[in-house]
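Please read all numbers here as calculations on a predicted model, not as lab measurements. Whatever order the structure lists ligands and atoms in, that order sets their numbers, starting from 1.
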Amino acid sequence: MENKTTKIYSSLRTLEWKNNKVVMIDQTQLPNELVFVEFDDYNQIANAIKTLVVRGAPAIGVSGAFGLALAAQQSKASTKDELLQDLEKARKTLFETRPTAINLKWGLDKIMQVAKEETDVFQIKESIIKTAKKMAEDDVQTNMTLGKNGSELFENNDTIMTHCNAGALATVAYGTALGVIRATKESGKNIKVIATETRPVQQGSRLTAFELKHDGIDVSLIPDTAVGYTMVNGLVNKVIVGADRILRTGHVYNKIGTFQIATMAKQHGIPFYVAAPLSTFDMKSNPEDVVIEQRKPSEVTGIGDKKTAPEGINVINPAFDMTPPELITGIITEKGVAKPPFDDSIKKLFERK
Ligand code: MRU
């Protein structure tokens, strides 16, 4: 059963496993209210991913793993085969929620692997829950390492543009792109952030601006249409974004609008960085294999409950776009920073212990 509580919290932990339930921040309520929701059924997790209660590639990956942990807990199976069947049904439901972020597949595959390796029902259930909890802890550590690696690329008095939300709220905690910003600030450098509002779902204004302000980091909000203005007027000197999927060639899939920011950055000679853990890399797919999620027209035809477009208008509403490798200065990971040519440098990241 879903249970809702509202409270103001001093540090943001997007999701956690607590008393055999999954607790997450309901991101649809931000920035107006910090509401925590509790789930004990994997179908609720699937629904939370679909409706953006939880979003951001790494957070979706761990949510998938927690969803399977709930499915294991819910299962009445008495044999390993029966339990694997129940888990496969849950895996499919969770997998079908959102198509672009590869971390979801990564999280689900990892848990299914653990389930297959164990011998009896009790051990499978125990191992799944233990692994899912560890994945959540590892996510935070990975982001802190990634953040530290990235902080070396940023200097005192930099003004850094970011798009969408690749922060604590897109991960379990700390964040990827915002993790780099946090680590840069923690290293003593004085930096400012420019956040794009990120139409149509406003992850930039609702989440990034909320999160950075919450942590006392200097942030200014701009409309998406002011990216060129800020760049040509020297108001920004570096860009950093997160990613939903990165191919072995360095093609980066991220929130719609990333491609135009990268193009504009190239035009103005501004370094464009991507920060993501290795769980965001898809070393098998080619660009033609990647499904770009198309979201509902109402996200574009209105703001909140207010209609801002004529009834019946045709809408094109892709949630993500692809930024080609030639626009990217570096990809920051927990194993180091990959630089062009990416085919070679990404391969080397995976070879590092
Ligand atoms: O549709 P969303 O809000 O899930 O999209 C999220 C993004 O595009 C993020 O920038 C991306 O997942 C990187 S998260 C660390």
Before we go on, tell me: are the rings of Tyr42 and Phe66 under 6.0 Å apart, centre to centre?
no
Hey, is the main chain of Gly257 close enough, under 3.5 Å, to the side chain of Asp321 for a donor-acceptor pair?
yes
Do the numbers put Lys105 on top of the ring of Phe95, so that NZ or CZ is under 6.0 Å from the six-membered ring centre and no more than 45° off the axis?
no
Which of parallel (below 30°), tilted (30 to 60°) and perpendicular (above 60°) describes Phe350 and Phe281?
perpendicular
Applying side-chain hydrogen bond (donor to acceptor under 3.5 Å, both in side chains) to Glu152 and not counting sequence neighbours gives none
Which protein residues have a heavy atom closer than 4.0 Å to any atom of ligand 1, listed by chain and number?
Arg55, Gly56, Ala57, Pro58, Arg98, Cys164, Asn165, Ala166, Ala170, Thr176, Gln203, Gly242, Ala243, Asp244, Asn254, Lys255, Phe320
Qualifying residue for side-chain hydrogen bond (donor to acceptor under 3.5 Å, both in side chains) with Lys238, from Thr159, Asp158, Thr162, Thr329
Asp158
